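The chains referred to below are lettered A, B, ... by the order of the sequence lines, with proteins before strands, and numbering in each begins at 1. Because the structure is predicted, anything quoted here is derived from the model rather than measured.
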2 protein chains.
Amino acid sequence: MDLSKFTQINPPHRLLMGPGPINADPRVLRAMSSQLLGQYDPAMTQYMNEVMALYRGVFRTENRWTMLIDGTSRAGIEAILLSAIRPSNKVLVPVFGRFGLLLCEIARRCRAEVHTIEVPWGEVFTPDQIEDAIKKVKPRLLLTVQGDTSTTMLQPLEKLGAICKKYGVLFYTDATASLAGNALETDAWGLDAVSAGMQKCLCGPSGTSPITLSPAMEEAIRKRKCVEEGIRTDAHQNGVDEMIYSNYFDLGMIMDYWGPERLNHHTEATSALFGARECARLILEEGLDNSIALHKLHGDALLKGIQGMGLETFGNLQHKMNNVLGVMIPQGVNGDQVRKLMLEDFGIEIGTSFGPLIGKVWRIGTMGYNARKDCVMQTLSALESVLTHFGFRTTQGAAMQAAWDHYNGSR
Amino acid sequence: MDLSKFTQINPPHRLLMGPGPINADPRVLRAMSSQLLGQYDPAMTQYMNEVMALYRGVFRTENRWTMLIDGTSRAGIEAILLSAIRPSNKVLVPVFGRFGLLLCEIARRCRAEVHTIEVPWGEVFTPDQIEDAIKKVKPRLLLTVQGDTSTTMLQPLEKLGAICKKYGVLFYTDATASLAGNALETDAWGLDAVSAGMQKCLCGPSGTSPITLSPAMEEAIRKRKCVEEGIRTDAHQNGVDEMIYSNYFDLGMIMDYWGPERLNHHTEATSALFGARECARLILEEGLDNSIALHKLHGDALLKGIQGMGLETFGNLQHKMNNVLGVMIPQGVNGDQVRKLMLEDFGIEIGTSFGPLIGKVWRIGTMGYNARKDCVMQTLSALESVLTHFGFRTTQGAAMQAAWDHYNGSR
């Protein structure tokens, strides 16, 4: 094998302004380069406990079971769905984009009976629409996406917890793309489970998924307890409900690993945990509300700039996520050629789309480490240059001036 | 929330001489601290292709589907088992330690009909024993562990591929703890699937799992193809067999993500991928056979030292893994007190045991970045000091001299 072409890792410099992953905060990457610890080293279990405490702050919850799932954001989703859904359970999924379809897909693989309601891409649901569907379907779980980057829309969740409580429904949301960039109040909104990812507003690399579980969700999962044979003792009692059809995603066992029994399960991904701890620490140090306000500031500045350039946006702006914007590709412009030139000649990545929006919409993110004025200004400037190059007419400098005006509050 | 006690990551210095995780190679940690790339950046997909090529070298295979599963080593196991086992399939698991029981546990959660054969902990199986069981059980899959750290034994695999072929059985091994420290020849031994982990002989942190799949295994998995709704097009055809009951671990979709279609699945854990690439690159640069020989050299030196100290070892030494040794805790000595003093006063971690060996056996590893003379000598020296402190009689200096003699080839 000729190894000469496999040189050491040296990625080209990129400014990642798509819907995520985005550039990681260098402080997070430095934390991840720390040397490892043994799984049960007191220093390691202390770090695990600190991660639990810090993510309680990020999720705004008192939930004891607030921890990491070792895998990407969809590992967190699947761990919750596989552990909570028993085969043939009814679940309701309000679908307003691709990630709602992903929840359906995962729920089907859990052998759930999946019911959906839909709105056109670019819209969200009213609480009434969801309550009506709950009355009709009588699901055991309501599975929602908070921010669906495929449409850039943010589903309002604050009234759904009370509705779920009224009908005895467990309430889950996928906050992968929204957490720390948009308000999420786990306890105040009555959520029973939330999962997230690192690579959006949390400023880290994909690879571990923070989750939180309410006491009601814990109880449902504990009923399915099944301690694995290699470490089971006479003191362990299995639950009364059907077991969870995964070992890796069995949240009962993962709780016992993060809890005082420290029952061996996987070998915690230490570097990812170090990174996740630093992400939460930096956000709480800045203040979670400040983090959300910054995402709104820079998201709005980008929006003004895009509008100033004379471009149309996608979707209902009243329900836009703070951290990502859908931009209509102007007629006569090849969206992929623009993205290619932005990447190759300016080192800036903006996103393409999925499904019905392919070829019609770019998605531009302003999140996490890249929720910064310089990132917004560079992106607008490069986009104006590239569009001009391809013959799209715009007023020179108008985009950047609109963003400046927004930053200066001079409108 | 009082953040003052959450200082930046600063783990105490540890020499990790247990059964894994061990200290990561600093070059791997440095590679992991590189800035991120977008998922479909040509530089990123190039790195993904390079990872596939490099792990073909490490697994000694031509298998096209050689890639990473984003999760710890048991994520790799579960991805293969969930994708390969259809509900009610018969599987045969030769159990010689805890990780054989883990395969049974995961297979049961895949709703397999699980058959086992067992030998006492500390022994392994002959090919005849396994062939006899295959003839009796007629399984669809043979699930083996190559190196089971719970007993420190290495199951010989080289003759099992031909037996499996004879009876039409798919042949899997879990090489988490053995790969790169003990010989493994995926193609020459007729393996259909192998999974591994980073935190043992591969010198990295836990968090991603390299796997390889033979063409026969690929065919079995492709029959269960089920493209997820959010990205399915009319050009996609689903398979004829029952779908895989997981989205995250659906190897069909993971192949389509790593393959030329680059069909969106998870967001690859980029930092973990950078680390895994550096691990494989460093091992192949050194030479895989040299890596294995080094593990044997240092493993044997530790063994001689332990014997020189007058301690008994656990299990059949003829079948010991190169990279971990079971040491009988001498009568009258409290194993946990010894481990505590080793950790607290010498900064050295050695391992405890599982199940029937708890309180009876320590497990001492010499693997990956810690397969080094200085690690062996420091560990022996500290262990002699601690045992002397607790009143165990040994000849002063004999352990270290035995190791030196082994290194100097002067026996």
Side-chain angles (χ1 to χ4, degrees), chain A residues 1 3 6 8-9 11-12 14 16 18 21 23-24 29-39 41 43 50 54 57 70-72 74-75 78 98 101-102 104-106 109 199 205-207 228-231 245-248 266-272 274 277-278 281 284-285 349 354-355, chain B residues 1 3 6 8-9 11-12 14 16 18 21 23-24 29-39 41 43 50 54 57 70-72 74-75 78 98 101-102 104-106 109 199 205-207 228-231 245-248 266-272 274 277-278 281 284-285 349 354-355:
Chain A
M1 185 168 188
L3 283 168
F6 296 92
Q8 65 166 296
I9 291 282
R14 300 292 195 222
L16 302 177
N23 296 86
L29 296 174
R30 284 204 301 273
M32 291 179 70
S33 71
S34 303
Q35 191 46 270
L36 306 182
L37 289 167
Q39 260 188 293
D41 193 307
E50 288 177 10
L54 289 164
D70 285 5
T72 70
R74 71 170 65 192
E78 189 157 317
R98 182 206 159 183
L101 294 173
L102 176 63
C104 297
E105 148 89 15
I106 296 175
R109 296 199 186 216
Q199 74 276 17
S206 169
E228 75 184 60
E229 211 180 325
I231 51 172
Y245 292 100
S246 166
N247 171 289
Y248 194 70
H266 61 284
T267 297
E268 184 58 16
T270 312
S271 305
F274 286 174
R277 181 181 174 284
E278 189 66 0
R281 196 178 77 91
L284 295 179
E285 207 170 69
E349 180 182 277
F354 292 116
Chain B
M1 186 169 188
L3 284 167
F6 297 92
Q8 66 167 296
I9 291 282
R14 300 293 194 221
L16 301 177
N23 297 86
L29 294 174
R30 283 204 303 271
M32 291 179 70
S33 72
S34 304
Q35 193 44 273
L36 306 182
L37 290 167
Q39 260 188 295
D41 193 306
E50 288 177 10
L54 289 164
D70 285 4
T72 69
R74 70 171 65 193
E78 188 156 317
R98 182 202 159 183
L101 294 174
L102 177 63
C104 296
E105 148 89 15
I106 297 175
R109 295 199 186 216
Q199 74 277 18
S206 169
E228 73 183 61
E229 211 179 325
I231 51 173
Y245 292 100
S246 166
N247 171 288
Y248 195 70
H266 61 284
T267 298
E268 184 59 16
T270 313
S271 304
F274 286 173
R277 180 181 175 285
E278 188 67 0
R281 195 177 78 90
L284 295 178
E285 207 171 70
E349 180 182 275
F354 292 116

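Looking only at distances, no side-chain donor or acceptor of A/Arg109 sits under 3.5 Å from a matching main-chain atom of B/Tyr245. Remark: the backbone N or O of A/Gln8 is not paired with any side-chain donor or acceptor of B/Glu278 at under 3.5 angstrom. Remark: the backbone N or O of A/Phe6 is not paired with any side-chain donor or acceptor of B/Glu50 at under 3.5 angstrom.
Comparing A/Ser246, A/Pro12, A/Cys104 by how many heavy-atom pairs each has under 4.5 Å with chain B, the most go to A/Ser246. Heavy-atom pairs under 4.5 Å with chain A were tallied for B/Arg74, B/Glu105, B/Glu285; the largest tally goes to B/Arg74. With chain A as the partner, the residue from B/Pro21, B/Gly355, B/Ala43, B/Gly57 showing the most heavy-atom pairs under 4.5 Å is B/Pro21. When the candidates A/Leu102, A/Thr72, A/Leu101, A/Asp70 are compared by the number of heavy-atom contacts under 4.5 Å with chain B, A/Thr72 comes out ahead. When each of A/Ala31, A/Ser271, A/Gly18, A/Ala75 is scored by its heavy-atom pairs under 4.5 Å with chain B, the top score falls to A/Ala75. Per-residue heavy-atom pair counts under 4.5 Å with chain B were compared for A/Leu16, A/Thr270, A/Asn247, and the maximum is reached by A/Asn247. Top candidate by heavy-atom pairs under 4.5 Å with chain B, chosen from A/Gly71, A/Ser33, A/Gly207, is A/Ser33.
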Give the C-alpha distance, both sets of side-chain angles, the deciding distance and a yes or no for side-chain hydrogen bond (donor to acceptor under 3.5 Å, both in side chains) between B/Ser206 and A/Glu268.
CA-CA 7 Å; B/Ser206 169; A/Glu268 184 58 16; over 6 Å; no

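Contact of B/Leu37 with chain A is made through backbone and side chain together, with heavy-atom distances under 4.5 Å. Using a 4.5 Å cut-off between heavy atoms, B/Met1 contacts chain A through its side chain alone, with no backbone atom that close. For B/Phe354, the part lying near chain A is the side chain, with the backbone staying farther off; criterion is any non-hydrogen pair under 4.5 Å. There is no contact between A/Ala272 and chain B, counting heavy-atom distances below 4.5 Å. The parts of A/Leu284 that come within reach of chain B are both its backbone and its side chain, each placing non-hydrogen atoms under 4.5 angstrom from that chain. Of the two parts of B/Thr267, the backbone and the side chain both hold a non-hydrogen atom closer than 4.5 Å to a non-hydrogen atom of chain A. The part of B/Arg14 that comes within reach of chain A is its side chain, from C-beta onward, which places non-hydrogen atoms under 4.5 angstrom from that chain. With a threshold of 4.5 angstrom between heavy atoms, B/Glu349 approaches chain A through side-chain atoms but not through N, CA, C or O.
Here the closest non-hydrogen pair linking B/Glu78 and A/Tyr248 is OE1-N, 2.8 Å. Taking each heavy atom of B/Pro11 and A/Gln35 in turn, the nearest pair found is CG-O, 3.5 Å.
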